[in-house]
Q: 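Below are the structure tokens for one structure; questions will follow.
Below, chain A is the first sequence line, B the second, and so on; all start at residue 1.
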There are 2 protein chains.
Amino acid sequence: MSDIFFISIFDTNYNMFSKASEYGIRAAIHLAHLSKKGERCSLRQVAKAIDSPVAFTAKVLQLLARDGIIVSFQGPTGGYEIPKESLSLVHLSDIVKAIDGDSIYNGCGLGLESCNEKKPCPLHFQFKSIRDELKEMLQTTSVQELAKGLEYGMAFLKR
Amino acid sequence: MSDIFFISIFDTNYNMFSKASEYGIRAAIHLAHLSKKGERCSLRQVAKAIDSPVAFTAKVLQLLARDGIIVSFQGPTGGYEIPKESLSLVHLSDIVKAIDGDSIYNGCGLGLESCNEKKPCPLHFQFKSIRDELKEMLQTTSVQELAKGLEYGMAFLKR
DNA sequence: TGTAAATCGGATAATATCATCCAATATAAT
DNA sequence: ATTATATTGGATGATATTATCCGATTTACA
């Protein structure tokens, strides 16, 4: 019998990142894309560009602004930018950390609090390998680099 | 200023797996450990062994039983087992799939529905690399193998 | 100086996930 | 047959995450 007949109460969506982080990353890539051209972008424009809920995106952008990852301006002509000189310095790890904290660096795959190298859960080393690679990817991938994918229409940010 | 002064509304816990999957994996490892010795284990014993909420664990074990990953017995002397002959066949991917579905194989890292090889999001290929490794790890790691870690007290399942 | 356009920030609502409760069902043992 | 012990499954509650609303604040510009 096909799986679709089992409609489970647990049929969740698997997410590597939280929605907040997803929006944060997409927004930052869009801002990087525009900031390279010296353009500023308002909240509404960001939300439209990445197809995200406006008010929720505002919260996410606030967090990024507080952490100095992006810069916000109030008043008319206001909006968000990433300063050109910091464009190459903003990595995905900065964004995820600003939004979801750094539990990504600590957590046990099986949710065990006291799991560590000396007292590992059964999945510890297999999991560590994956997480280290994820961490490495986040720390070495800049939003500037990802924004390049937008330039020639090779990548997109909307559903 | 230190990060801890920013108490964000988004301060989430990063989880590679859902709680349901965490409990499912831990339970399956424990059952594998006992089943190897020919022992059956009741819901309460499982929950105690892996330090999980009893009723919630019941739901998770039901899902695993429905999918044929574990076998349940009702009545006195009832409980759960993994048949010895299937012990080496149960992989983490089976458990995660039974509980969280197979979105782990499809989802885009940035949450974009129409993201694929031909129309990739900016993070597509970096993300694919990580996910493929996670997938590979889940598909090749058996609960039997993980249960071995318990035998000499080298690993544990409680917090 | 007034006004309009923008972000900020607190409160609240909606949804998903995690967790519990309890009656129904199955079954081993007396 | 009866009883006690176990899983099953439906309903409900609690918490976390996602999303919205709206007044306050900032600021460019007429």
Q: Check the distance between C:dA26's C1' and B:Leu43's CG and give it to me in whole angstrom.
A: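 Atom-to-atom, B:Leu43 to C:dA26, this comes out as 16 Å.
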
Q: Without decimals, in angstroms, what is the distance between B:Met16 CE and C:dT17 P?
A: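 Roughly 18 Å, once rounded to whole Å.
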
Q: Go through the N and O atoms of the side chain of B:Gln74 and the base of C:dT25, and report whether any donor-acceptor pair is under 3.5 Å.
A: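 Donor-acceptor pair under 3.5 Å: yes.
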
Q: Does B:Lys48 NZ have over 12 foreign heavy atoms under 6.0 Å away?
A: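 12 or below, so no.
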
Q: For B:Lys36, does the NZ atom sit with more than 12 other heavy atoms under 6.0 Å from it, leaving out its own atoms?
A: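 Count over threshold, so yes.
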
Q: Starting from P on D:dA6, measure out to NZ on B:Lys48 and report it in whole angstrom.
A: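 One finds 13 Å between P of D:dA6 and NZ of B:Lys48, rounded.
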
Q: Between D:dT8, D:dG9, C:dC18, which nucleotide has the shortest distance from any of its atoms to the side chain of B:Arg66?
A: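 Selected nucleotide (nearest to the side chain): D:dG9.
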
Q: Name the closest nucleotide to the B:Gln62 side chain, picking from D:dG9, C:dC8, D:dT18.
A: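 Selected nucleotide (nearest to the side chain): D:dG9.
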
Q: Where the side chain of B:Pro53 is defined as all heavy atoms beyond and including C-beta, which of C:dA19, D:dT7, C:dT7 is the nearest nucleotide?
A: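 Nucleotide nearest to B:Pro53's side chain: C:dA19.
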
Q: In whole angstroms, how far is the P atom of D:dA6 from the CD atom of B:Gln45?
A: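 So the two atoms are 8 Å apart, to the nearest Å.
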
Q: Passes side-chain contact (heavy atoms from CB on, under 4.5 Å), B:Ile95 versus B:Val143? Steps please.
A: CA-CA 10 Å; B:Ile95 297 168; B:Val143 290; 3.6 Å; yes

Q: Which is more 5' along DNA chain D, the nucleotide nearest B:Gly78 or the one nearest A:Tyr23? Just name the residue.
A: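 It is B:Gly78 whose nearest nucleotide is closer to the 5' end.
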
Q: Do B:Lys19 and B:Phe56 form a cation-pi contact, if we require the NZ or CZ to be under 6.0 Å from the six-membered ring centre and within 45 degrees of the ring's axis?
A: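 Output no; distance or angle outside limits.
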
Q: Which nucleotide, C:dA4, D:dT18, C:dC8, lies nearest any side-chain atom of A:Tyr80?
A: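 Nearest to the side chain of A:Tyr80 among the choices is C:dC8.
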
Q: Without decimals, in angstroms, what is the distance between B:Arg40 CZ and C:dA28 C1'?
A: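 To the nearest whole Å, that distance equals 11 Å.
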
Q: C:dC21 P sits how many Å from B:Phe56 CZ, rounded?
A: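 Atom CZ in B:Phe56 sits about 15 Å away from atom P in C:dC21.
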
Q: Which nucleotide in the set D:dT7, D:dC21, D:dT18 lies at the smallest distance from any side-chain heavy atom of A:Lys59?
A: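 In terms of side-chain proximity for A:Lys59, the closest of D:dT7, D:dC21, D:dT18 is D:dC21.
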
Q: Ring of A:Tyr80, cation from A:Arg40 - is the NZ or CZ under 6.0 Å from the centre and inside 45° of the axis?
A: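 Here A:Arg40 fails the 6.0 Å and 45° test against A:Tyr80.
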
Q: Within this structure, what is the CZ-to-P distance between A:Arg26 and D:dT18, rounded to whole angstrom?
A: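 Computing the A:Arg26:CZ to D:dT18:P distance gives 13 Å.
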
Q: Where the side chain of B:Ala65 is defined as all heavy atoms beyond and including C-beta, which of C:dT7, D:dT8, C:dA19 is the nearest nucleotide?
A: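 Of the options given, the side chain of B:Ala65 lies nearest D:dT8.
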
Q: Quick check for you: among C:dC18, C:dA28, D:dT8, whose closest atom lies nearest to any side-chain atom of B:Thr77?
A: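 So the nucleotide nearest the side chain must be C:dA28.
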
Q: I want to verify a distance call: between C:dC21, D:dA19, C:dG9, whose nearest atom is closest to the B:Ala55 side chain?
A: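 Taking heavy atoms from C-beta onward, the closest nucleotide is C:dC21.
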
Q: Measure the distance from CZ on B:Phe73 to C1' on C:dA29 and round it to the nearest whole Å.
A: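 Checked: the CZ to C1' distance equals 18 Å.
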
